[in-house]
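Below is a structure I'd like to ask you about.
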Amino acid sequence: MELTRRQTLTIGSGTFAFAALAGLPAFASLTDDAVAAMTNGAELIDGGIDITAPEIAENGNTVPIAVSAPGAVEIALFASGNPTPAVATFKFGPLSGSRSGSTRIRLAKTQDVVAIAKMEDGTFRQASATVKVTIGGCGG
Amino acid sequence: MASGVKPRVKVPKKATAGDVITIKTLISHKMESGQRKDGDGNLVPRSIINRFTADFNGQNVIDVLIEPAVSTNPFFEFEAVVPEAGEFQFAWYDDDGTVYETGKKIAIG
Amino acid sequence: MMMTKTVLAAACLGVFALTVHAEEGAKLIIDGEELTIRASAPAHAENIDEVSSGWIYRSKETQSLQLDDFDNPAFVFVDQAIDEWDKVDGSEGKACSSCHESVEDFAGLRTTLPRVDDGKLVSLENLVNECRTERMGAEPWKWSKGKMTSMTALIGVQSRGMPVNVAIDGDAAPFWDKGKELYYTRVGQLDMACSNCHEDNYDTMIRADHLSQGQINGFPTYRLKNAKLNSSHARFKGCMSNIRAEPYKEGGPEFQALELYLASRGQGLSVETPSVRN
């Protein structure tokens, strides 16, 4: 079988598009479910919450993530493209110095990392960041 | 008890009363996700640190619920208010029931 | 057959897709001490003008992990080695600390290794195991297992900031020659030598990975990929598997010779042990 580079690329991107179509809604709904479990279906307000993540992660095994939401009582992190989306929930106590935290997380592939903050007034705020997870040239 | 588990914490030695300080913590732990298979194709059972807490003189600073998506050797950075001299207490809760604890004193000056 | 070639061609074209490394001129400063991450190439590395640390080629997030010993996850293993240092093991009832007053006395050692002792080329791992088997009556540690890499990291970090300075003449010359030959010899199904990536193509992208010069001044290194310390020989093994070659044995004569040659290509760079890489 002979393939030109163009054909190979076409096949490649076709497969990718199919994977994306098949994969995304399923993962998105898992994340939606996890978020709904936290919010009881309350409206999610954009803004008032920041998420800091690398645009490109050199390795999905250790991706630094920071979240901050002044006035939050807790902030939960979800990885929408992981087999199970829940990552961690920071609950802030009376001696918390700021409603923020950082950690290092695993991302199975390129995806959106979602942060949901539960605020003191009972409302919920959301932010997300897309992280490209690269596959090293050396099987990395 | 998982082998070779060792906590590290970074807390300033001194602060002014009411200061907000940055704390960094790391514990050596493999954080086995429960999704990997071994060489024979059997699922490697989940074994993670599932909760981390930081308290100061008995009052909570932060309480983190941890899922398998947190990386090996889990790292947390956060801020705390120091109202008085005293001791921070840190605890990591292992799936196997073990609780790893360490403390760090801070002076006011 | 045609398909294999096509796929390889596509992979090579992908080489230019992404640039993830941090800005030019970033400095590696740890605890207020600036490390040398670029130096004029030594005369014996005749095909390059400048030698450069692998740190330069990493993303700013990976780089930042090495700027603070608390952020650097390798130090959990250094801490474990500090405990191990005082632990009695073997038939003689001795610990490292029974003979060595302080691990700090090893400052400078890492810069000179591997070296020739009594006609044999020895790496830090050999020195550790010699102590264990000859003086402690203990079992030797495996070359790349956790206890060994933790201990070589603890001993190595004592030399952090000091320039690599291995001897390549005299007794060392035949080992160095052998290492150089290995460096330029194509092997494996992909028929590649170390030099094809790390001399001819460093600072380019191999798919999504930014190729470095393959310097070993930061080993053992904590890799994000496997979240542990990796010996230089384990990394050589990984490279060889990637080019689909049968890897030499860790601690064997080929990798030891290669370790000496690679160390010599980094003469003048600071020891960065334990570094952080992807």
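In what follows, every chain begins at residue 1, and chains take the letters A, B, ... in the order their sequences are listed. Computed from a prediction, not measured in an experiment: that's the story for all the values here.
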### Query
Any sub-3.5 Å donor-acceptor pair from B:Asn73's side-chain atoms to B:His29's backbone N or O?
yes
#### Entry: Heavy-atom proximity to chain B below 4.5 Å, by part of A:Ala79
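The answer is neither part of A:Ala79.
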### Task
Please flag which part of B:Leu26 lies under 4.5 Å from any non-hydrogen atom of chain A: side chain, backbone, both or neither.
side chain
### Query
Closest heavy-atom contact between B:Ile62 and B:Asn60?
O-ND2, 3.2 Å
### When A:Ser96, A:Ala108, A:Ala88 are compared by non-hydrogen pairs under 4.5 Å with chain B, the top option
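Top count of heavy-atom pairs under 4.5 Å with chain B: A:Ser96.
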#### Entry: Under 3.5 Å donor-acceptor, B:Asp63 side chain and A:Phe92 backbone
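The answer is no, because no donor-acceptor pair under 3.5 Å joins these two groups.
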### Task
Look at the aromatic rings of B:Phe90 and B:Trp92 and report parallel, tilted or perpendicular, splitting at 30° and 60°.
tilted
#### Entry: Max heavy-atom pair count under 4.5 Å with chain A, selected residue of B:Ser33, B:Pro74, B:Ser71, B:Ala69
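Going by pairs under 4.5 Å, I would pick B:Ser71.
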### Engaged part of B:Thr22 at the chain A interface, taking heavy atoms whose separation is under 4.5 Å
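When you check distances to chain A, no heavy atom of B:Thr22 falls under 4.5 Å.
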### Query
For the residue pair B:Phe52 and B:Phe76, does the interplanar ring angle fall in the parallel (under 30°), tilted (30 to 60°) or perpendicular (over 60°) class?
parallel
### Query
Side chain, backbone, both or neither: which part of B:Val20 has a non-hydrogen atom closer than 4.5 Å to chain A?
side chain
